[in-house]
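Worksheet: one structure, shown below.
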Amino acid sequence: MIKAVRGMKDILPEEIPLWQKVEETARDVFETYLYHEIRTPILEPTELFSRSIGEATDIVEKEMYTFEDSHQQLSMRPENTAGVVRALIENRLQDLRGSQRYYYIGPMFRRERPQKGRFRQFHQIGVEAFGDAGPYVDAEIIQMLARFFRRLGIDAYEVRINSLGCRSCRPLYIEKLRAAMDAASATLCEDCQRRRDKNPLRVFDCKTDQEQLASFPVITDNLCAACQEHFDGFLSSLKKMAIPSIVYPSLVRGLDYYTRTTFEFVSTSDALGSQNSLLGGGRYDGLVQVLDGPVLCGIGFALGVERLIMALPDVLQEAPLCYYVAHIENEGFARALTLAERLRDHGVAVAVGNPLKAIKAQFKEADKMGATTVFVIGPDEAKQGVVTIKDMKTGEQRSVPESEVMADITERA
RNA sequence: GUGAGCGUAGCUCAAUCUGGUAGAGCACUGGACUGUGGAUCCAGUCGUUGUGGGUUCAAUUCCCAUCGCUCACCCCA
């Protein structure tokens with residue numbers, strides 16, 4: 001048997017309504033903040049990702065699906081900020097009037113070991129806003145997300161925020177942090193020894209070295225004046241919007257391009273496993289230039305649709321109306337076909353019974369597919385030009401002239 | 001990439017410890033009910049026990065390998 005590849009899942013019809021609800025809500029909410037949809041290719045030159053995300057990150061180092069196509073290295077996108085920035089530069093979107101605000105919905109690919117809430121093909125809904133340098137837009141994005149979550153009925157989450165500084169203050173801070181790590185070196189775990197060189201900010205995630213961490217310097221105490229001002233503006237905007245958030249000086253993003261504001265929404269529901277981060281994002285003021293574009297700042301986030309759906313509250317989905325035409329003998333079958341087509345002309349979803357099945361089996365089938373109403377057409381009905389209509393919930397039956405069936409069911413719907 | 005757990009019917013699982021020709025519930029199909037679903041009863045279909053090898057008179061059971069799934073670490077949405 002040929003099976004789906006590891007970490008890639010079918011999304012079956014029964015869960016599609018949830019996906020559609022999430023996507024619809026996102027479009028709806030984001031459009032009211034003047035974001036517009038953009039669709040970019042899944043395949044991009046590998047270099048787009050290595051330059052933006054960072055050569056030394058796990059994503060670029062070992063998680064991309066990459067292959068060569070006529071002497072060019074191509075990769076399936078592991079995220080979509082780089083793709084949107086590329087599209088912006090290539091199409092000179094920054095020269096258009098108005099602000100450049102985009103959202104996208106689509107599959108991403110990372111070759112990681114699958115686990116709960118983590119897949120090799122997963123889906124992200126993301127937003128990117130370009131050209132707005134002030135901290136107000138940072139807060140507005142959080143506000144928009146809060147609205148989006150409210151609309152979906154998700155309230156078991158917390159908002160974590162931080163500032164990563166900029167190209168002038170972050171390197172100074174990292175040196176300071178490394179010095180502190182070196183001083184404590186002897187007592188640090190293996191993982192932390194490795195993090196020291198590769199990604200020192202990650203030490204704060206360590207589960208074993210908590211005691212030492214408490215004395216390490218934190219980034220929020222080491223911001224330059226401009227970054228501090230930006231962060232203060234961000235915090236005060238959130239306050240004006242009455243959005244509760246928690247400052248996590250240890251909050252780091254895994255991609256190199258982030259500067260200043262970073263944030264994450266973490267689910268506090270136990271429906272998710274240990275991968276409980278619903279979305280992550282932040283400001284990337286240098287990224288457009290890194291990709292040979294103009295001087296243009298940006299901020300955005302990406303949220304994981306699979307995780308979001310796991311965090312969705314259970315609500316009963318009402319079954320859609322569905323009709324079934326059961327029939328007896330050839331003449332009944334012929335009339336059933338005609339009736340079904342007439343109903344479909346009016347947009348009604350209707351199935352016709354299998355002519356090889358006895359009336360009893362047709363009813364069973366109607367019940368199984370969840371038909372709310374069954375029409376019966378047999379010799380008796382044919383003779384009188386009527387249709388027997390049975391309500392499957394109450395079991396009541398009535399006889400209606402063939403020409404009045406549509407009027408009858410719309411009246412009762 | 002590392003670690004742990006698990007692979008038996010379409011699904012959920014038993015039998016594995018203590019080796020002896022694989023079983024239940026659900027689902028499915030048909031009948032009781034010849035023009036009416038859901039409830040009940042009866043009958044029927046369903047397996048290369050993930051795969052390959054080893055030990056044994058005999059392996060679903062013990063051993064080795066391999067593949068797959070799941071969860072966790074790393075890291076991330």
Side-chain angles (χ1 to χ4, degrees), chain A residues 1-7 9 22 53-54 56-64 77-81 105-127 145 189-192 194-195 198-199 201-202 205-208 251-255 263-267 272-282 300-311 324-329 332 353 357-382 388-397:
Chain A
M1 183 175 43
I2 298 177
K3 299 202 292 184
V5 324
R6 179 168 225 210
K9 305 237 185 247
V22 166
I53 297 170
T57 58
D58 281 5
I59 293 178
V60 169
E61 225 168 50
K62 52 195 190 196
E63 295 175 1
M64 289 203 297
R77 62 187 189 192
E79 58 98 41
N80 204 29
T81 297
I105 300 178
M108 308 295 157
F109 303 83
R110 292 183 201 172
R111 203 180 166 291
E112 296 177 273
R113 194 94 146 224
Q115 90 191 53
K116 196 181 185 76
R118 169 188 290 160
F119 312 94
R120 290 184 167 189
Q121 172 173 341
F122 60 103
H123 298 77
Q124 289 188 330
I125 300 180
V127 155
L145 281 164
C189 74
E190 246 175 70
D191 279 342
C192 287
R194 196 166 38 77
R195 289 178 176 120
K198 199 180 163 193
N199 198 347
L201 294 172
R202 282 271 167 218
D205 296 340
C206 185
K207 276 120 198 157
T208 54
L251 179 66
V252 182
R253 310 268 75 239
L255 296 72
F263 55 89
E264 197 169 289
F265 280 40
V266 175
S267 171
L272 284 85
S274 64
Q275 308 304 320
N276 59 354
S277 159
L278 295 171
L279 68 90
F301 67 82
L303 68 88
V305 180
E306 284 85 355
R307 291 183 188 177
L308 194 71
I309 284 175
M310 287 192 277
Y324 189 100
V325 192
H327 49 85
I328 301 151
E329 295 181 4
K357 282 188 171 178
I359 184 79
K360 183 185 180 68
Q362 293 185 44
F363 263 90
K364 263 191 178 159
E365 188 178 59
D367 185 51
K368 201 161 63 178
M369 67 174 23
T372 45
T373 303
V374 174
F375 307 107
V376 183
I377 307 180
D380 298 348
E381 285 83 359
T388 297
I389 302 182
K390 175 164 182 169
D391 182 313
M392 293 294 274
K393 250 193 211 105
T394 64
E396 281 163 18
Q397 290 198 169

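Below, read A as the first sequence line, B as the second, and so on, with proteins coming before strands; counting in each chain starts at 1. In this text the structure is predicted, and so the values were computed from the model without any measurement.
Among the atoms of the strands shown, base atoms are found under 4.0 Å from some heavy atom of A:Gly395. No contact: A:Phe301 has no heavy atom under 4.0 Å from any strand. No contact: A:Leu308 has no heavy atom under 4.0 Å from any strand. Heavy atoms of A:Ile59 sit nowhere under 4.0 angstrom from any nucleic acid atom. The residue A:Asp380 sits close to a base: some heavy atom pair falls under 4.0 Å. The residue A:Arg253 sits close only to the backbone: its heavy atoms come under 4.0 Å of sugar-phosphate atoms, none of a base. The residue A:Arg111 sits apart from the nucleic acid: no heavy atom pair falls under 4.0 Å. Among the atoms of the strands shown, base atoms are found under 4.0 Å from some heavy atom of A:Glu381. Residue contacts for A:Lys62: at a heavy-atom cut-off of 4.0 Å it reaches no nucleic acid atom on any strand shown. Across all strands shown, A:Leu279 has heavy atoms under 4.0 Å from sugar-phosphate atoms exclusively, and none from any base. Note on A:Gln362: nothing from the nucleic acid sits closer than 4.0 angstrom, heavy atoms only. Counting any heavy atom pair closer than 4.0 Å across all strands shown, A:Val376 reaches a base atom. Residue-level contact check: A:Ala366 touches neither bases nor backbone, having no heavy atom under 4.0 Å from any strand.
In this structure, the nucleotide among B:G37, B:C75, B:A77 sitting nearest to the side chain of A:Asp367 is B:G37. Among the nucleotides B:U36, B:C75, B:G1, the one closest to any side-chain atom of A:Arg113 is B:G1. In the set B:A72, B:G35, B:G37, B:G37 carries the atom at the smallest distance from any side-chain atom of A:Phe363. Distance from the side chain of A:Lys9 is smallest to B:U70 among B:U70, B:G35, B:U36. Listed nucleotides B:U70, B:G38, B:A77 differ in distance to A:Arg307; the shortest reach to its side chain belongs to B:A77.
Not a single donor-acceptor pair under 3.5 Å links the side chain of A:His123 to the backbone N or O of A:Ile105. In this structure a side-chain-to-backbone donor-acceptor pair under 3.5 Å is missing from A:Glu79 to A:Met108. Put simply, the side chain of A:Arg307 never gets that close to the backbone of A:Leu278: no donor and acceptor are under 3.5 Å apart.
If you take atom P in B:G50 and the same atom in B:A9, they sit 8 Å apart, rounded to whole Å. Rounded to a whole angstrom, the distance from the C1' atom of B:C33 to that of B:G20 is 46 Å. Atom name P, nucleotides B:U51 and B:G7: the rounded distance is 14 Å, in whole Å. B:U45 and B:G1 have their P atoms separated by 46 Å, given to the nearest Å. Rounded to whole Å, the C1' atom of B:U48 lies 15 Å from the corresponding atom of B:A59. Between B:C63 and B:G25, the distance separating the two P atoms is 32 Å to the nearest Å. For the C1' atom pair drawn from B:A4 and B:C42, the interatomic distance equals 48 Å after rounding to whole Å. B:U61 and B:C28 have their C1' atoms separated by 31 Å, with the value rounded to a whole Å.
A:Gln275 has its CD atom 9 Å from the C1' atom of B:A77, to the nearest Å. Protein atom CD of A:Glu329 is 10 Å distant from nucleotide atom C1' of B:G35, rounded to whole Å. If you take CZ of A:Arg110 and C1' of B:A77, they are 6 Å apart, rounded to a whole angstrom. If you measure from atom CZ of A:Phe119 to atom P of B:C69, you get 13 Å, rounded to the nearest angstrom. A straight line from CZ of A:Arg195 to P of B:C73 spans 12 Å, rounded to a whole angstrom.
Screening A:Leu303, A:Leu279, A:Leu308, A:Asn80 for a side-chain contact (heavy atoms from CB on, under 4.5 Å) with A:Ile125, the sole residue that qualifies is A:Leu303.
Looking at which nucleotide of RNA chain B each of A:Lys116 and A:Glu79 is closest to, the 5′-most match is held by A:Lys116. Mapped onto RNA chain B by nearest heavy atom, A:Arg118 and A:Ile359 fall at different nucleotides, with A:Ile359 at the one closer to the 5' end.
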Output a table of nitrogen or oxygen pairs between the protein and nucleotides 7-9 of chain B separated by less than 3.5 Å.
none

Strictly under 3.5 Å: I want the nitrogen or oxygen pairs between protein and nucleotides 26-33 of chain B, one per line.
| unit_1 | atom_1 | unit_2 | atom_2 | d |
| --- | --- | --- | --- | --- |
| B:C33 | O2 | A:Lys360 | NZ | 3.3 |

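Evaluation of the side-chain hydrogen bond (donor to acceptor under 3.5 Å, both in side chains) rule for A:Ser267 yields no partner, not counting sequence neighbours. Scanning for side-chain contact (heavy atoms from CB on, under 4.5 Å) contacts around A:Pro114 gives A:Arg6, A:Arg120, with sequence neighbours left out. By the side-chain hydrogen bond (donor to acceptor under 3.5 Å, both in side chains) test, A:Gln124 is found to be paired with no residue, residues two or more places apart in sequence or in another chain being considered. With sequence neighbours excluded, the residues satisfying side-chain hydrogen bond (donor to acceptor under 3.5 Å, both in side chains) with A:Glu264 are A:Arg253. Listed by chain and number, the residues in a salt bridge (Lys or Arg N to Asp or Glu O under 4.0 Å) with A:Lys357 are A:Glu365 (sequence neighbours excluded). Applying the ring-ring contact (aromatic ring centres under 6.0 Å, His included) rule to A:Phe363 yields no partners; only residues at least two apart in sequence or on another chain are considered. Applying the side-chain contact (heavy atoms from CB on, under 4.5 Å) test to A:Glu381 and every residue at least two apart in sequence or in another chain returns A:Val376, A:Ile377, A:Val386, A:Thr388. Legend: residues meeting side-chain contact (heavy atoms from CB on, under 4.5 Å) with A:Lys198, ordered by chain and number and at least two apart, are A:Asp58, A:Glu61. Evaluation of the side-chain contact (heavy atoms from CB on, under 4.5 Å) rule for A:Thr57 yields A:Ile53, A:Ile59, A:Val60, A:Asp256 as partners, not counting sequence neighbours.
From A:Gln121, atom CD reaches atom CD of A:Glu306 across 8.0 Å, with rounding to the nearest 0.5 Å. Note that the CE atom of A:Met392 and the OG1 atom of A:Thr373 stand 9.0 Å from one another [nearest 0.5 Å].
Between the side chain of A:Gln115 and the base of B:U70, no donor-acceptor pair under 3.5 Å is found.
RNA chain B contains the following stems of three or more consecutive Watson-Crick or G-U pairs, with both distances under 3.5 Å: B:1-7 with B:67-73, B:10-13 with B:23-26, B:28-32 with B:40-44, B:50-54 with B:62-66.
For A:Gln397 and B:G35, the shortest distance from a side-chain N or O to OP1 or OP2 is not below 4.0 Å. Within the structure, a side-chain polar atom (N or O) of A:Arg6 is placed less than 4.0 Å from OP1 or OP2 of B:C69. Proximity of A:Ser274 to the phosphate of B:C73: a side-chain N or O atom is located under 4.0 Å from OP1 or OP2. A close approach under 4.0 Å does not occur between any side-chain nitrogen or oxygen of A:Ser277 and OP1 or OP2 of B:A77.
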